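Read the structure below first, then the notes.
These figures come from a predicted structure and were not determined experimentally.
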Amino acid sequence: MIKFRAWDKETNKYFEPTYQAYMGRLEELTIALSGRLQKRTCRGMVDESVFPGRYVVEQFTGLTDVNGKDIYEGDVLRTKAGLIQIVEQGILETDREDIISGFYANNLSDGKPHTFSYDDEVIGNVHENAELLEVRE
């Protein structure tokens with residue numbers, strides 16, 4: 001299943017949709033077929049050009065951690081070996097002529113991309129837990 005979450009830079013928390021149209025309160029984020037972010041309210045649809053850069057959209061990787069928690073881009077993981085990694089998405093080149101793209105874990109201790117799995121544990125995210133991003137020596 002394709003799922004997303006959105007970090008709101010103005011409120012410094014993850015966006016939570018409101019479905020109380022009967023009280024005049026309706027607010028949800030959608031991603032249009034064009035790939036642009038839109039906010040739906042009781043007044044209608046608002047394009048991301050009205051709120052440029054306000055939200056950081058993060059995609060679900062399709063994996064859950066050792067505790068069954070969904071793993072998203074921007075999550076901070078602890079591996080079984082105790083390494084701290086950040087889940088990212090991008091293009092990785094291999095030693096061969098192949099190019100691989102997708103989700104990977106950026107290892108904070110060596111800055112190199114690694115695989116991650118359901119054996120790892122989500123211990124936070126890059127927005128709410130900046131202290132986890134400090135490299136330990």
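Looking at every heavy atom in both residues, Ser49 comes nearest to Pro52 through O-CD, 3.3 Å. Minimum interatomic distance between Tyr104 and Gly90 (heavy atoms only, all atoms of both residues): CE2-N, 3.7 Å. Pairing each heavy atom of Glu58 with each of Tyr14, the nearest pair is OE1-OH, 3.0 Å.
Under a hydrophobic clustering in which Ile, Leu, Val, Met, Phe, Trp and Tyr are joined whenever their side-chain heavy atoms come within less than 4.5 Å, directly or via other members, Leu132 and Leu108 fall into the same cluster. Note on Trp7 and Ile31: separate hydrophobic clusters, where clusters join Ile, Leu, Val, Met, Phe, Trp and Tyr whose side-chain heavy atoms are under 4.5 Å apart, directly or indirectly. Grouping the Ile, Leu, Val, Met, Phe, Trp and Tyr side chains by contacts below 4.5 angstrom, directly or via other members, places Leu63 apart from Ile2. Grouping the Ile, Leu, Val, Met, Phe, Trp and Tyr side chains by contacts below 4.5 angstrom, directly or via other members, places Tyr118 apart from Val66. With hydrophobic clusters built from ILVMFWY side chains whose heavy atoms lie under 4.5 angstrom apart, Ile123 does not share a cluster with Val87.
Under the 4.5 Å side-chain criterion, counting only non-hydrogen atoms from C-beta, Gln85 is not in contact with Val76. Ile71 places a side-chain heavy atom less than 4.5 Å from the side chain of Leu77. Using a 4.5 Å cut-off on side-chain heavy atoms (C-beta onward), Val56 and Lys9 make contact. The side-chain heavy atoms of Tyr19 and Leu26, taken from C-beta on, include a pair separated by under 4.5 Å. You'll find the side chain of Thr79 stays beyond 4.5 Å of the side chain of Asp119, heavy atoms only. Taking the side chain as every heavy atom from C-beta outward, Arg54 and Phe15 never approach each other to under 4.5 Å.
Side chain to side chain, Glu73 and Gln59 fail the donor-acceptor criterion of an N or O pair below 3.5 Å. No side-chain donor from either of Glu10 and Tyr55 sits under 3.5 Å from a side-chain acceptor of the other.
Using modelled atom types, no side-chain atom of Asp75 and backbone atom of Val122 make a donor-acceptor pair closer than 3.5 Å. Side-chain atoms of Thr30 never come within 3.5 Å of backbone atoms of Ala32 as a donor-acceptor pair (strictly under, hydrogens ignored). Under a 3.5 Å cut-off, the side chain of Asn129 and the backbone N or O of Glu131 do not form any donor-acceptor pair.
Atom CG of Leu83 sits about 7.5 Å away from atom NE2 of His114, to the nearest 0.5 Å. Atom CG of Asp65 is separated from atom CG of Asp70 by 8.5 Å, given to the nearest 0.5 angstrom. Atom CD of Glu121 sits about 9.0 Å away from atom NZ of Lys69, to the nearest 0.5 Å. Separating the OG1 atom in Thr18 from the CZ atom in Arg40 is a distance of 11.5 Å, to the nearest 0.5 Å. Here the straight-line distance linking atom SG of Cys42 with atom CD of Gln20 works out to 10.0 Å at 0.5 Å rounding.
More than 12 heavy-atom neighbours from other residues, nucleotides or ligands sit within 6.0 angstrom of NZ on Lys3. In this structure, Phe51 places its CZ atom where more than 12 heavy-atom neighbours from other residues, nucleotides or ligands lie under 6.0 Å away.
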Please walk me through it: do Ser109 and Ile84 pass side chain to side chain contact (heavy atoms under 4.5 Å, CB included)? CA-CA 8 Å; Ser109 63; Ile84 304 299; over 6 Å; no
Under the side chain to side chain contact (heavy atoms under 4.5 Å, CB included) criterion, do Gln38 and Val50 qualify, and how do the steps go? CA-CA 9 Å; Gln38 296 178 325; Val50 176; over 6 Å; no
Does Asp120 form a salt bridge (charged side-chain N to carboxylate O under 4.0 Å, His left out) with Arg78? I'd like the steps, not just the answer. CA-CA 6 Å; Asp120 298 333; Arg78 179 184 299 120; over 6 Å; no
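One finds a salt bridge joining Asp47 and Arg36 here, because a Lys/Arg side-chain nitrogen approaches an Asp/Glu carboxylate oxygen to under 4.0 Å. Comment: Lys39 engages Glu27 in a salt bridge, judged by a side-chain N to carboxylate O separation of less than 4.0 angstrom.
Of the listed residues (Tyr72, Phe4, Phe103), just one forms a ring-ring contact (aromatic ring centres under 6.0 Å, His included) with Phe60, and that residue is Tyr72.
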